[in-house]
Engineer: 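Have a look at this one.
All heavy atoms count here, side chains included; hydrogens, waters and symmetry mates do not.
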Amino acid sequence: MAKSKKILTNMEYRSSHCLCLKLFTFVLFWCCLASLSLASIHSHRHSRHDELDKHPLSKINIYKTTLALRNSVSIKASPLILGFKGEDKAWVTVDLVNPDPSEDDWVAVFSPAKFNSSTCTPENDEIESPYLCTSPIKYKYANFSNSKYSKTGKNSFKFELINQRADFSFALFSGGLSNPKLVAVSNFISFANPKAPVYPRLAHGKLWNEMTVTWTSGYSIDEAVPFVEWGLKGETHMRSPAGTLTIEQNSLCGAPARTVGWHDPGFTHTSFLTNLWPNTVYSYRMGHILSSGSYIWSKTYSFKSSPYPGQDSLQRVIIFGDLGKGERDGSNEYSNKDPGALNTTDQLIKDLPNYDIVFHIGDLAYADGYIADWDQFTSQVEPIASAVPYMVASGNHERDWPDSGSFYTGTDSGGECGVIAETLYYVPAENRAKFWYSTDYGMFHFCIADSEHDWRAGTEQYKFIEHCLASVDRRKQPWLIFAAHRPLGYSSNNYFGQEGSFDEPMGRDDLQKLWQKYRVDIAFYGHVHNYERTCPIYQNTCVNSEESHYSGTMNGTIHVVAGGAGHHLGSFFKGIPDWSLYRDYDFGFVKLTAFNRSSLLFEYKKSRDGKVYDSFTINREYKDILACVHDSCGPTTLAS
């Protein structure tokens with residue numbers, strides 16, 4: 001039977017073609033409208049995010065500074081000498097009298113005290129001989145804490161200063177931040193010993209019985225020999241030498257780190273304390289032997305050494321990301337950059353007797369190229385980092401810079417390109433420029449990835465991650481933890497939700513095979529500034545219906561975003577995925593407690609009160625780790 005064919009007349013064809021064209025135009029119009037709407041949402045999100053992320057010092061157009069000195073203005077700082085008893089921080093009073101005040105007057109702190117165009121060389125060829133090319137350390141508006149200043153021209157400020165290896169001065173500017181006019185400069189003040197050893201930070205060495213002490217000073221190795229004196233309390237102490245690193249301005253990658261944000265970071269010293277007894281309290285202090293033979297000493301500190309890998313004892317771990325720094329004196333008061341930093345820091349200081357080690361998984365100081373912030377950050381966390389190992393990971397605000405070898409080509413590091421963090425903080429990595437490493441704490445084994453370098457299958461880091469996960473003896477160390485700065489697993493923050501990926505692009509494509517194969521218990525991330533916990537999950541599917549107590553075979557990894565330590569909070573996607581068990585838009589941190597090889601407690605605590613707002617437990621035996629689940633076991637044979 002012959003097939004019937006429908007032959008269109010010219011009129012029918014034109015009518016059909018016109019209808020299709022109208023339909024296509026209609027669809028195209030609505031697609032474009034949807035795209036514009038989505039772009040508008042993205043643009044709004046990015047503009048708000050960028051404004052909150054903007055460093056307060058970047059708002060100062062320092063190159064435009066002009067001289068407008070007035071003898072009638074008085075600005076005086078006191079006391080003249082700080083830290084007579086060895087303190088590394090002090091409160092300073094600044095008294096201001098200005099016969100011609102205005103609402104946009106502001107007072108800045110400079111260090112070194114003498115600042116002018118000879119301080120640095122701008123990299124912008126279009127700018128010729130600016131009067132100022134170095135940013136202040138911090139600032140306050142002149143009417144801060146006194147709304148009557150604009151009428152009376154009088155105010156008295158309280159600034160908190162820390163020892164940053166140089167003297168200080170205070171300057172009054174008019175014209176606001178965008179058109180600064182230098183009106184007056186105060187007298188100079190200084191710490192009794194600006195070069196003193198300060199801000200110790202502990203970290204694991206490459207061996208389980210090794211602790212490193214890193215600190216900052218103003219002493220070069222030509223001036224003084226650095227060392228650590230340490231030992232058991234009540235016994236004769238020994239001395240361990242320290243290595244010294246420096247950072248040159250031309251080793252940084254771009255502005256502001258190389259230009260207005262540059263501040264001499266001094267000398268970074270690291271000493272290795274070896275052959276430690278497990279779970280033992282040691283005291284220590286940093287010292288420098290001057291060429292004259294005299295000694296310069298720091299305060300005395302103490303720490304408890306780590307347990308032997310696999311040792312069964314009470315072990316407590318703190319994990320968070322994205323802390324940043326706060327200003328206790330209210331400086332930079334118009335910035336909402338790190339509003340939770342001090343609450344989290346203070347809560348961790350208060351809880352110090354109740355945990356053993358800290359993991360800060362990226363975005364540490366948020367200095368963003370303003371180098372003086374690193375001193376302020378190390379001072380802020382000193383009570384913690386001097387007492388327990390303070391292990392860090394690399395984040396975008398430490399590392400990312402175009403054409404610098406980072407996986408992401410953004411400018412979030414402000415030109416630091418990893419140099420500052422890799423120098424100031426020791427980690428037991430083979431190459432600190434590649435910030436991935438493993439470390440042990442008793443029954444825990446940690447694999448710390450560097451999300452700012454490529455982690456995909458076939459890369460050097462992927463091989464490291466697999467080796468790290470595969471090398472642990474789960475009978476001795478049952479608690480296997482993975483951590484990275486960016487959410488390589490799961491997150492329902494607003495951006496990832498709009499993208500539809502619910503993770504960092506390409507994040508879990510390759511890594512989820514490793515998490516599943518090696519039975520990772522929990523994967524932690526920062527970068528997203530909130531808290532979120534998933535169910536045990538594999539390939540986007542919950543593999544366990546429990547929410548607060550897990551026992552027996554663990555057939556998936558729990559993913560946790562803990563990036564709400566201090567930086568401005570990030571919003572969630574409106575839709576809640578099935579795998580998201582708990583979300584919190586607040587500042588906080590996570591605590592893990594291993595009671596033994598069979599029992600683990602997870603707690604999420606808010607920084608404002610230290611109370612637990614989310615928790616779960618894991619109870620299991622070694623056979624539960626060995627049990628095969630989907631994609632976790634290799635081939636078997638029936639041969640005997």
Engineer: With ring centroids as reference points, do F359 and F446 lie under 6.0 angstrom apart?
Structural biologist: yes
Engineer: For G340, is there any backbone N or O sitting under 3.5 Å from a side-chain donor or acceptor partner on T344?
Structural biologist: yes
Engineer: Donor-acceptor check, side chain of S451 to backbone of R486, threshold 3.5 angstrom: yes or no?
Structural biologist: yes
Engineer: Going by distance alone, is a donor N or O of one side chain under 3.5 Å from an acceptor N or O of the other, for H397 and D412?
Structural biologist: no
Engineer: Q461 side chain to D450 main-chain N or O, any donor-acceptor pair under 3.5 Å?
Structural biologist: yes
Engineer: Can you sort out the partners of K195 under salt bridge (charged side-chain N to carboxylate O under 4.0 Å, His left out), two or more places apart, ordered by chain and number?
Structural biologist: E223
Engineer: Can you check whether F444's main-chain N or O pairs, donor with acceptor, with Q477's side chain at less than 3.5 Å?
Structural biologist: yes
Engineer: Would you check if F144 and S331 make a side-chain contact, meaning some heavy-atom pair closer than 4.5 Å?
Structural biologist: no
Engineer: Counting heavy atoms not belonging to K64, are there more than 12 under 6.0 Å from its NZ?
Structural biologist: no
Engineer: Going by salt bridge (charged side-chain N to carboxylate O under 4.0 Å, His left out), name the residues that satisfy it together with D167, two or more places apart in sequence or in a different chain.
Structural biologist: none
Engineer: Is there a side-chain contact between K140 and V94 in this structure, where contact means two heavy atoms from C-beta onward sitting under 4.5 Å apart?
Structural biologist: no
Engineer: Any heavy-atom pair between the side chains of N396 and E452 that's under 4.5 Å?
Structural biologist: yes
Engineer: Decide yes or no on salt bridge (Lys or Arg N to Asp or Glu O under 4.0 Å) for E327 and K325, but give the supporting numbers first.
Structural biologist: CA-CA 7 Å; E327 292 288 353; K325 76 172 190 70; 2.5 Å; yes
Engineer: Quick one: does S240's side chain have a donor or acceptor within less than 3.5 Å of a partner on S271's backbone?
Structural biologist: no
Engineer: Cut-off 3.5 Å, side chains only: do H567 and H529 have a donor facing an acceptor?
Structural biologist: no
Engineer: Any sub-3.5 Å donor-acceptor pair from E160's side-chain atoms to V92's backbone N or O?
Structural biologist: no
Engineer: Applying side chain to side chain contact (heavy atoms under 4.5 Å, CB included) to I420 and E398, what does each step give before you reach the verdict?
Structural biologist: CA-CA 8 Å; I420 307 295; E398 283 78 52; over 6 Å; no
Engineer: Could you walk me through whether F303 and Y282 pass the ring pair (Phe, Tyr, Trp, His ring centres under 6.0 Å) test, one step at a time?
Structural biologist: CA-CA 6 Å; F303 67 87; Y282 291 87; 5.7 Å; yes
Engineer: Would a 4.5 Å heavy-atom cut-off, applied to side chains only, mark M286 and Y301 as touching?
Structural biologist: yes
Engineer: Side chains of N275 and N209: does their closest heavy-atom pair fall under 4.5 Å?
Structural biologist: yes
Engineer: Check whether any side-chain heavy atom of F589 lies under 4.5 Å from a side-chain heavy atom of V358, and answer yes or no.
Structural biologist: no
Engineer: Is there side-chain contact between L273 and V228, with at least one heavy-atom pair below 4.5 Å?
Structural biologist: yes
Engineer: Could you tell me if the side chain of Y199 sits less than 4.5 Å from the side chain of V381, heavy atoms only?
Structural biologist: no
Engineer: Has T378 got a side-chain atom pairing as donor or acceptor with W374's backbone, closer than 3.5 angstrom?
Structural biologist: yes
Engineer: Identify, with sequence neighbours excluded, every residue that meets salt bridge (charged side-chain N to carboxylate O under 4.0 Å, His left out) alongside D264.
Structural biologist: none
Engineer: Counting heavy atoms not belonging to W277, are there more than 12 under 6.0 Å from its CH2?
Structural biologist: no
Engineer: Is a donor on one side and an acceptor on the other found under 3.5 Å between the side chain of Y355 and the backbone of L348?
Structural biologist: yes
Engineer: Does a donor on one side chain and an acceptor on the other come within less than 3.5 Å for S413 and D400?
Structural biologist: no
Engineer: Are any of the side-chain nitrogens in D368 or K337 under 4.0 Å away from the carboxylate oxygens of its partner?
Structural biologist: yes
Engineer: Q380 side chain to G326 main-chain N or O, any donor-acceptor pair under 3.5 Å?
Structural biologist: yes
Engineer: Look at the side chain of D356 and the backbone N and O of R316, then say whether any donor-acceptor pair between them is shorter than 3.5 Å.
Structural biologist: yes
Engineer: Do NZ/NE/NH1/NH2 and the carboxylate oxygens of R285 and E229 come within less than 4.0 Å?
Structural biologist: yes
Engineer: When the aromatic ring centroids of H453 and F407 are compared, is their separation below 6.0 Å?
Structural biologist: no
Engineer: Stepwise, does the ring pair (Phe, Tyr, Trp, His ring centres under 6.0 Å) test hold for W215 with H269?
Structural biologist: CA-CA 5 Å; W215 73 97; H269 315 282; 5.2 Å; yes
Engineer: Evaluate the criterion salt bridge (Lys or Arg N to Asp or Glu O under 4.0 Å) for residue pair R328 and D346; output intermediate values, then yes/no.
Structural biologist: CA-CA 11 Å; R328 296 189 187 277; D346 291 345; 2.6 Å; yes
